[in-house]
Visitor: 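Below is one structure. I have some questions about it.
Positions are given from 1 along the sequence. This is a predicted model, so every value here is computed, not measured. One-based numbering, in listed order, for ligands and for the atoms of each.
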Amino acid sequence: MATRSLFLLPGDGIGPEAMAEVRKIIGFMNDKEAAGFSTDEGLVGGCAYDAHGQAISDADMEKAMAADAVLFGAVGGPKWDAVPYEVRPEAGLLRCRKDMELFANLRPAICYPALANSSSLKQDVIEGLDILIVRELTGGVYFGEPKEIIDLGNGQKRGIDTQVYDTYEIERISAVAFELARTRKNEVCSMEKRNVMKSGVLWNEVVTATHKARFPDVKLSHMLADAGGMQLVRRPKQFDVIVTDNLFGDMLSDIAAMLTGSLGMLPSASLGAPDAKTGKRKALYEPVHGSAPDIAGQGIANPIAMIASFAMCLRYSFNMVAEADRLEAAIAAVLDKGLRTGDIMSDGCKQISTTEMGDAILAAYAG
Ligand code: IPM
Ligand code: MG
């Protein structure tokens with residue numbers, strides 16, 4: 001069987017600890033299930049800056065471009081607060097997204113039954129929650145030019161970021177959202193700020209036109225992004241798929257993550273367009289949580305979002321649907337048993353370490 005190439009970028013903070021648990025699962029799948037994964041590993045974020053003075057080296061960037069899929073941990077930490085903006089840890093992640101053209105970021109927020117009481121919201125509000133945020137990832141204010149601080153010469157400076165979207169960018173991300181909706185409850189809610197932003201007016205127009213032309217069977221609604229944030233906290237189960245821009249998606253997905261009990265639970269997939277010849281799409285999988293420098297190196301981080309990101313990798317990059325289902329079921333089974341890392345600990349449960357959580361999930365997967 002052809003090998004399946006994975007490029008691992010564990011990064012900073014709790015990234016390496018979480019990635020170590022995924023590496024165990026990859027090892028098991030290779031040894032016992034002849035999965036044929038080949039892995040290579042590189043540096044990204046602060047650790048790459050320390051080694052090469054760049055947030056990701058050109059050599060590692062080439063490997064990321066060549067791999068079937070990239071597994072990404074987390075970047076950043078106070079150690080690098082003062083490094084120049086161009087080489088700050090986050091620049092490594094943003095370069096991956098931009099160079100690999102990963103325009104579609106899928107952030108599912110699922111409430112595991114066992115965690116329904118560890119959310120800050122009432123149990124009945126989030127029990128059974130299953131929403132998918134589809135975030136545009138290579139455009140908008142993250143990358144728009146000009147992006148600069150200019151000196152006005154009168155003792156004042158001006159900071160400028162540019163929110164910009166072209167029709168094709170909105171078309172392709174909304175098509176991804178509509179296609180995914182068809183595999184779920186068939187509902188898309190598009191969020192923008194058309195009441196104050198021209199890019200929001202265009203967003204709304206293009207999503208509406210794409211829906212009419214290609215996906216009339218899907219139920220489409222629109223919401224202003226601020227109201228969307230409010231509704232996510234008020235009645236999150238009203239949503240199926242939410243499609244939104246880069247910055248709103250960043251904020252709304254953090255809100256959605258916390259609905260499920262902990263940021264430590266949320267995986268994500270960032271996908272490019274399918275190649276016209278091979279049908280393959282570039283892909284990067286990362287937990288939504290950050291590098292959590294305050295708890296890094298203590299062995300207490302929650303590896304579930306990283307492991308669930310690997311499950312998404314199995315599903316979307318390798319079409320290993322049965323394995324992805326089993327891995328996700330293994331996570332649920334371990335939670336059902338009452339095993340918890342500190343961030344999701346609750347009364348009557350057993351608190352375990354990062355490696356114990358990884359081992360328990362692998363054992364449940366292995367059956
Ligand atoms: C995310 C993160 C990143 C973002 C940071 C680390 C640059 O918050 O993936 O949500 O803002 O996109
Ligand atoms: Mg974020």
Side-chain angles (χ1 to χ4, degrees), residues 9-16 18-19 43-49 54-56 61 64 70-81 83-109 131-144 147 161-163 165 169 173 191 225 228-229 232 242-260 262-272 282-294 296 301-302 305-306 308-309 312-313 343:
L9 289 170
D12 307 318
I14 61 170
M19 190 69 81
L43 296 175
V44 69
C47 60
Y49 174 78
Q54 271 184 299
I56 183 165
M61 200 57 235
V70 175
L71 300 181
F72 192 102
V75 289
K79 181 179 175 198
W80 301 285
D81 277 352
V83 307
Y85 183 82
E86 288 66 34
V87 291
R88 73 200 187 288
E90 291 78 6
L93 173 58
L94 296 175
R95 181 172 174 197
C96 287
R97 290 175 180 171
K98 195 69 181 171
D99 287 10
M100 295 168 71
E101 294 182 75
L102 306 172
F103 69 91
N105 183 217
L106 281 38
R107 297 190 161 186
I131 59 183
L132 175 65
I133 297 193
V134 177
R135 167 188 177 193
E136 199 292 327
L137 203 60
T138 49
V141 77
Y142 271 62
F143 297 100
K147 187 180 197 63
D161 292 284
T162 304
Q163 164 81 347
Y165 272 108
E169 294 177 286
I173 193 68
M191 296 188 187
L232 262 177
I242 293 173
V243 63
T244 190
D245 80 6
N246 205 341
L247 184 61
F248 294 140
D250 182 43
M251 302 186 63
L252 294 169
S253 63
D254 264 28
I255 297 177
M258 208 56 217
L259 299 176
T260 68
S262 165
L263 260 181
M265 300 299 299
L266 227 76
S268 82
S270 303
L271 307 176
K282 289 203 172 38
L284 178 149
Y285 300 86
E286 60 171 318
V288 172
H289 64 65
S291 58
D294 52 322
N302 183 351
M306 188 75 242
S309 298
M312 291 189 86
C313 171
D343 56 314

Visitor: So which of Arg97, Glu286, Arg88 gets nearest to atom 9 (O) of ligand 1, if we judge by its closest heavy atom?
Guide: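 The nearest heavy atom belongs to Arg97.
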
Visitor: Where the side chain of Asn105 meets the backbone of Ala269, is there a donor-acceptor pair that is under 3.5 Å apart?
Guide: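 Yes; judged by distance alone, with no hydrogens or angles, the pair exists.
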
Visitor: Measure the CD1-SG distance between Ile56 and Cys96 for me, rounded to the nearest 0.5 Å.
Guide: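 One finds 4.0 Å between CD1 of Ile56 and SG of Cys96.
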
Visitor: Report the part of His289 in contact with ligand 1, treating N, CA, C, O as backbone and CB onward as side chain, heavy atoms under 4.0 Å; options are side chain, backbone, both, neither.
Guide: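 For His289, there is no contact with ligand 1 at all, from either part.
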
Visitor: Tell me if a side-chain donor or acceptor on Lys147 pairs with a main-chain N or O of Val141 at a distance below 3.5 Å.
Guide: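 Judged by distance alone, yes, a pair lies under 3.5 Å.
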
Visitor: Does Asp254 put an N, O or S atom under 2.8 Å from the Mg ion (ligand 2)?
Guide: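 Here the distance criterion (N, O or S atom, under 2.8 Å) is not met by Asp254, so no.
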
Visitor: Ignoring hydrogens and angles, tell me if any N or O in the side chain of Ser291 forms a donor-acceptor pair with the backbone of Asp12 under 3.5 Å.
Guide: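 Between the backbone of Asp12 and the side chain of Ser291 there is no qualifying donor-acceptor contact (under 3.5 Å).
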
Visitor: Tell me whether Arg135 reaches ligand 1 (any heavy atom closer than 4.0 angstrom to a ligand atom).
Guide: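 Under 4.0 Å: yes for Arg135.
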
Visitor: Looking at atom 10 (O) of ligand 1, what's its closest protein heavy atom, distance included?
Guide: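 Heavy-atom neighbour on the protein nearest atom 10 (O) of ligand 1: Asp250 OD1, 2.8 Å.
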
Visitor: Kindly say whether Gly46 contributes a backbone atom to a donor-acceptor pair with the side chain of Trp80 at under 3.5 angstrom?
Guide: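 Yes, the answer is positive, given that a donor and an acceptor are paired below the 3.5 Å cut-off.
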
Visitor: Specify which N/O/S atom of Asp250 comes nearest to the Mg ion (ligand 2), by atom name.
Guide: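 For Asp250, the N, O or S atom at the smallest distance from the Mg ion (ligand 2) is OD1.
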
Visitor: Out of all atoms in ligand 1, which are within 4.0 Å of some heavy atom of Glu90? Include the element for each.
Guide: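 Going through ligand 1 atom by atom, the ones under 4.0 Å from Glu90 are 6 (C), 7 (C).
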
Visitor: What protein heavy atom is closest to atom 11 (O) of ligand 1, reported as residue, atom name and distance in Å?
Guide: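 Looking only at protein heavy atoms, the one closest to atom 11 (O) of ligand 1 is Tyr142 OH, 2.5 Å.
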
Visitor: Are any side-chain N or O atoms of Arg95 and backbone N or O atoms of Gly92, one a donor and one an acceptor, separated by less than 3.5 Å?
Guide: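 Checking the backbone N and O of Gly92 against the side chain of Arg95, no donor-acceptor pair under 3.5 Å is found.
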
Visitor: Once you restrict to heavy atoms under 4.0 Å, what part of Met251 touches ligand 1? Side chain, backbone, both or neither.
Guide: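 Contact part for Met251 vs ligand 1: neither.
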
Visitor: Can you tell if the side chain of Arg107 reaches within under 4.5 Å of the side chain of Leu132, non-hydrogen atoms only?
Guide: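 No, side chains not in contact.
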
Visitor: Can you pull out the closest protein heavy atom to atom 1 (C) of ligand 1? Residue, atom name and distance to 0.1 Å, please.
Guide: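 Among all protein heavy atoms, the one nearest atom 1 (C) of ligand 1 is Arg107 NH2, 3.3 Å.
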
